[in-house]
Amino acid sequence: MDQDRIRVQTEDFSTEEETDKIKACSKRIGGIVNFLGTARDFSKGQEINHMFFDHYPGMAEKRLAEIREHALKDYDIIEVTIIHRVGEIAIGDNIVLIIVGAEHRKDAFRACSWCIDELKRITPIWKKETTPEGIVWVEEHP
Amino acid sequence: MVKVRFFAVLKSLVGKEEVSLDVEEGTTLAQLLEKLKMDLPPLDDILQKGGVLISVNQEVVDREAPIQDGDEIAFLPPFAGG
């Protein structure tokens with residue numbers, strides 16, 4: 001079950017299907033918050049044609065699992081799913097999905113916000129953007 | 001023999017995705033880095049610039065960490081997921 005909740009994959013995911021899975025895991029859930037990160041076509045004043053995500057296989061999954069475990073321990077929530085795509089990503093495509101199910105919305109919002117911040121901080125995933133001027137490996141993560 | 005891996009921008013800066021080398025018993029990460037810098041000169045600049053974390057067997061460690069035969073060392077530039 002946990003393996004399904006934490007995934008690093010090249011293929012796209014369905015936000016609806018993943019939300020339904022969270023909803024189905026407990027009847028106590030009264031609020032679900034989704035964070036969906038998508039590929040935008042503009043960054044730091046530059047047009048982006050497409051992007052590529054590299055990752056450290058094994059370590060990236062381990063970090064995401066730790067984030068999920070900490071969120072379940074530190075927030076009053078019921079379940080968390082974290083999925084990150086890697087490889088070539090076209091503009092407008094899905095990149096990352098975090099879904100948090102809780103009894104109440106405030107806990108779900110707080111936990112979801114913490115999860116995406118923590119993902120950016122500790123997960124060995126890297127983004128390369130292709131712009132009309134060339135290729136740039138992104139080092140900042142606002 | 002240990003395996004050293006480079007990710008993202010470091011692959012192109014170093015010019016390699018991974019290298020393998022022998023280590024003596026009792027070697028620390030700091031000692032391994034000195035050896036690596038001789039074989040891969042761009043590493044010196046990369047490490048001086050800062051911001052690169054180093055992991056041993058997928059755990060981020062400091063320079064005093066012991067290195068053992070069979071370990072996997074990885075150079076991790078600043079993360080940019082999400």
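Every chain is numbered from 1 and lettered A, B, ... according to where its sequence line falls, protein lines coming before strand lines.
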Revision key, fill the gap. Nearest heavy-atom contact between B:Ala80 and A:Phe53 is O-CE2, 3.9 Å

Check your understanding: Considering residues, nucleotides and ligands other than A:Glu16, do more than 12 of their heavy atoms fall under 6.0 Å from its CD?
Key -> no

Point to revise | Structural part of A:Arg63 lying under 4.5 Å from a heavy atom of chain B | key: side chain

Point to revise | A:Trp126 versus chain B, the contacting section by heavy-atom distance below 4.5 Å | key: both

Review point. Within a strict 4.5 Å, meaning less than it, do heavy atoms of the A:Met59 and B:Val60 side chains meet?
Key: yes

Review point. Tell me, side chain or backbone of A:Ile135 under 4.5 Å from chain B's heavy atoms, or both, or neither?
Key: neither

Exercise for review: Using the rule that two of Ile, Leu, Val, Met, Phe, Trp, Tyr join whenever any of their side-chain heavy atoms come within less than 4.5 Å, decide whether B:Val4 and B:Ile67 are in one cluster.
Suggested key: yes

**Study point:** Nearest-0.5 Å distance, CZ of residue B:Phe79 to NZ of residue A:Lys120
**Key:** 13.5 Å

Point to revise | A:Ile82-A:Ile116 co-clustered via ILVMFWY side chain contacts under 4.5 Å | key: yes

Point to revise | NZ/A:Lys128: more than 12 non-hydrogen atoms of other groups inside 6.0 Å | key: yes

**Study point:** Closest approach of B:Arg5 to A:Tyr56 (non-hydrogen atoms, all atoms of both residues)
**Key:** NH1-CE2, 3.6 Å

**Study point:** Check: B:Gly82 main-chain N/O paired with A:His84 side-chain donor or acceptor under 3.5 Å
**Key:** yes

Check your understanding: Shared ILVMFWY cluster between A:Leu36 and A:Trp114, side chains joined below 4.5 angstrom?
Key -> no

Check your understanding: Taking C-beta and beyond as the side chain, do A:Asp54 and B:Lys11 meet within less than 4.5 Å on heavy atoms?
Key -> yes

Review point. CD of B:Glu59 to NZ of A:Lys62: how many Å apart, nearest 0.5 Å?
Key: 4.5 Å

Check your understanding: Are more than 12 heavy atoms from other residues, nucleotides or ligands located less than 6.0 Å from atom NZ of B:Lys35?
Key -> yes

Check your understanding: Are A:Phe13 and A:Val80 connected, step by step, through hydrophobic side chains (Ile, Leu, Val, Met, Phe, Trp, Tyr) whose heavy atoms are closer than 4.5 Å?
Key -> no

Point to revise | Electrostatic pair A:Glu139-B:Lys49, nearest N-O below 4.0 angstrom | key: no

Point to revise | ILVMFWY cluster, A:Ile122 and A:Ile83 together (side-chain gap under 4.5 Å) | key: no

